[in-house]
Amino acid sequence: MPLKILFFSGKSPLGIVFSGNKQCLRSFCSADSTAENMHNITELIRNQHWSKLRTHFSSTSPKTLLQQLINSEADPDLVLRYFNWSTKELKLFHPLELTCRLLQSLAAAKKYSKMRNFLHRFVQNESFHSVPSIFHAVSVSNDSLCINSIIVDMLVLAYAKNMKHNLGLEAFKRAGDYGLKLSSLSCNQLLSLLVKKEKFEEVEYVYKEMRRRRIEFNLISFNIVINGLCKFGKLNKASDVIDDMKLLGILPNSITYTTLIDGYCKKGKIGKMYKADAVLKDMVENGIQPNERTFNILIDGFCKDKNLPAAMKVFDEMKSHGVTAGVVTYNSLINGLCVHGQLDEAIALRDEMMGLGLMPNVITYNALIKGFCEKKMLDKARELFDDISKQGMVPTVITYNTLINAYCKDGKMEDAFAWRDSMLDRGVLPDISTYNCLIGGLCSKGNVEEARKITNELRNKHLRADLVTYNILIGALCKEGESKNAAKLLDEMVKVGLSPSHVTYNTLMDGYCREGNLVAALNLRKQMEKEKMRPNIATYNVLIRGLCQKGKLQGANGLLNELLEKGLIPNQTTYEIVREEMMEKGFVPDIEGHLYNVSGTL
DNA sequence: CTAGGGTTAG
């Protein structure tokens with residue numbers, strides 16, 4: 001009998017070994033006893049007596065135990081605790097259906113933040129589950145639309161927060177198929193992610209679906225969509241949306257206007273800064289106060305538009321609005337001044353900010369160093385470099401790259417390599433840009449051999465040649481009259497998974513032209529178009545010059561017409577070629593006066 | 001939900 005008892009108790013659902021006859025029978029026959037055993041188990045879980053719990057697994061598998069816990073409608077917090085422990089310590093993956101039932105019991109108990117955390121980890125660790133299988137499991141394990149909506153809504157949110165836009169979108173679609181309602185919070189997160197990933201058709205789809213499904217479209221939703229339209233360059237449409245939302249009674253806030261201003265600054269065409277400025281006026285008229293971000297965007301926009309006076313004007317306007325300038329504000333201005341070579345003014349601004357108790361950061365110094373480097377004032381650049389450490393800051397890889405680039409451009413390769421060594425000493429790791437600077441420096445000294453040697457050693461430094469590296473080397477080989485070898489590098493880069501850019505093709509094409517190999521150049525153009533890359537104005541410049549130098553002025557003229565037909569805009573180089581190569585040889589370009597009108601100088 | 005500053009090829 002005892003043997004039998006043990007046998008049976010061993011097979012009993014909870015695997016609890018009972019000492020006495022009576023209890024044994026109860027364990028079989030009575031639900032009470034099962035409940036009592038379940039109680040014991042949950043107490044073990046509650047007190048996290050995991051090693052004691054483990055002793056039960058000899059008779060009941062951990063997976064079965066989960067099933068039993070869920071069937072017994074135990075406290076969902078404890079089931080969750082057991083679930084987490086068993087996945088972590090036992091490396092278990094529980095069936096989807098049980099996972100769903102756990103979520104459903106958490107939802108019924110309104111344990112929402114625990115659900116969110118759970119799903120967050122679920123999509124991170126178990127993203128191998130397909131969205132359809134998850135939806136299937138959710139729907140078969142419970143038929144409460146309300147509870148399932150909560151789960152699915154949080155699933156969409158979890159996907160969005162984990163940057164899984166495809167899964168998020170799929171879950172969004174399925175939710176519609178299953179008639180489950182999503183919250184605007186989750187939809188907004190998804191929209192935002194789609195904007196970030198530049199999936200504009202999908203943004204539009206979600207937007208339309210949200211309206212169709214009557215999901216509330218709030219201020220934040222509008223701000224996200226406006227941002228998407230801006231990033232996509234649809235600025236007029238973005239403006240229209242602002243009018244639309246007003247009509248719906250949703251008033252734009254500072255974020256809405258700031259977003260549109262940024263759109264104009266970065267994606268606007270002609271007169272973009274004028275329009276950006278107009279949005280600011282509009283904003284103020286509508287009673288919305290611009291903040292530091294708003295002004296920073298405008299100031300940087302004007303700086304990038306090479307309109308420093310306008311940038312300074314906005315700077316003053318900012319103060320008159322009672323908005324204080326921050327480090328970013330000063331950095332934008334300092335950078336703008338440096339790019340335009342106004343170094344004294346840049347330094348004066350740095351002093352001004354320090355006087356206000358605003359400490360410049362590494363980025364401030366990087367901008368200043370670059371400014372002095374471009375004026376070949378390397379000693380002054382080095383002084384600024386030393387200031388960084390004196391201020392208790394650490395130069396970044398970009399600081400070093402800026403200096404290394406300057407020394408390379410100045411032909412001082414020993415110094416450049418010394419900088420590389422000193423960055424290693426200070427624990428700042430060189431990146432591929434560092435080596436691109438050095439490789440470029442060696443190439444312009446005609447030391448292509450050494451450049452290639454360094455390129456081949458990149459692997460040992462855990463770095464990989466990138467697009468720029470190849471462009472440098474291809475250019476260098478072409479200059480040496482070794483276009484054939486340059487072409488080999490083109491093949492090589494494709495083989496290692498890099499996509500050649502316009503620069504790549506144009507450089508090699510130029511190399512062929514200089515060797516008088518027009519056939520190869522024109523073939524390369526075909527190859528380029530086969531890779532669905534449209535020749536740009538630089539491509540045409542290279543080919544036109546190549547044809548001219550071969551005396552094929554008629555052919556060059558044909559290309560000139562072609563580029564105009566394609567809507568490409570001739571640049572300074574184009575005009576120089578026409579003037580020097582064609583007109584000086586007494587050839588009059590047959591291009592219906594277009595080029596004459598635009599250039600004015602011909 | 002909005003931004004902001006820095007490096008390499010031509």
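The sequence lines fix the lettering, A, B, ..., with proteins before strands; numbering per chain opens at 1.
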From [atom1] of [X] over to [atom2] of [N], roughly how many Å is that when rounded to an integer?
X	N	atom1	atom2	answer
N405(A)	dG10(B)	CG	P	11 Å
D510(A)	dA9(B)	CG	C1'	13 Å
N331(A)	dG6(B)	CG	C1'	9 Å
I454(A)	dT8(B)	CD1	P	18 Å
E374(A)	dT8(B)	CD	C1'	12 Å
K267(A)	dA3(B)	NZ	P	13 Å
H340(A)	dG5(B)	NE2	P	14 Å
Y435(A)	dT8(B)	OH	P	18 Å

Classify the nucleic acid contact of [X] as base, sugar-phosphate or nothing, counting any heavy atom under 4.0 Å across all strands shown.
X	answer
D262(A)	sugar-phosphate
D300(A)	sugar-phosphate
T259(A)	sugar-phosphate

Quiz item: Any idea how Y207(A) and F217(A) line up, ring-wise: parallel (<30°), tilted (30 to 60°), or perpendicular (>60°)?
Solution: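 Ring orientation of Y207(A) relative to F217(A): perpendicular.
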Exercise. Look at the side chain of T402(A) and the base of dT7(B), then say whether one donor and one acceptor between them are separated by less than 3.5 Å.
Key: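 Answer is no: no donor-acceptor pair is held.
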Quiz item: With distance as the sole criterion, do the side chain of T396(A) and the base of dG6(B) form a donor-acceptor contact below 3.5 Å?
Solution: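 Under the 3.5 Å cut-off, the side chain and the base do form a donor-acceptor pair.
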Taking the side chain of [X] as its heavy atoms from C-beta onward, which of [options] lies nearest to it?
X	options	value
K370(A)	dG6(B), dC1(B), dT7(B)	dT7(B)
T507(A)	dG5(B), dG10(B), dT8(B)	dG10(B)
V503(A)	dA9(B), dA3(B), dG6(B)	dA9(B)
R293(A)	dG10(B), dT2(B), dC1(B)	dT2(B)
N335(A)	dA3(B), dC1(B), dG6(B)	dG6(B)
V327(A)	dG5(B), dT8(B), dG6(B)	dG5(B)
Q189(A)	dC1(B), dA9(B), dT7(B)	dC1(B)
I255(A)	dC1(B), dT7(B), dA9(B)	dC1(B)

Quiz item: Distance-only, no hydrogens or angles: does the K445(A) side chain make a donor-acceptor pair with backbone N or O of G411(A) under 3.5 Å?
Solution: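 Yes.
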Quiz item: Under 3.5 Å, side chain of K272(A) to main-chain N/O of K267(A), donor-acceptor pair present?
Solution: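 Checked: no pair found.
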At less than 4.0 Å, is any side-chain N or O atom of [X] found next to OP1 or OP2 of [N]? Yes or no.
X	N	result
K231(A)	dA3(B)	yes
K304(A)	dG5(B)	yes
K409(A)	dA9(B)	yes

Quiz item: Which pairs pass side-chain hydrogen bond (donor to acceptor under 3.5 Å, both in side chains) with one or both residues in residues 409-430 of chain A, sequence neighbours excluded?
Solution: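 Residue pairs passing side-chain hydrogen bond (donor to acceptor under 3.5 Å, both in side chains), neighbours aside: S389(A)-R426(A), N405(A)-K409(A), D410(A)-K412(A), R420(A)-Y435(A).
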Quiz item: Can a salt bridge be assigned to the pair E492(A) and K488(A) using a cut-off of 4.0 Å between side-chain N and carboxylate O?
Solution: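 Salt bridge absent between E492(A) and K488(A).
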Quiz item: Can you find a heavy atom in the side chain of N188(A) that is under 4.5 Å from one in the side chain of M210(A)?
Solution: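 Answer yes - side chains close enough.
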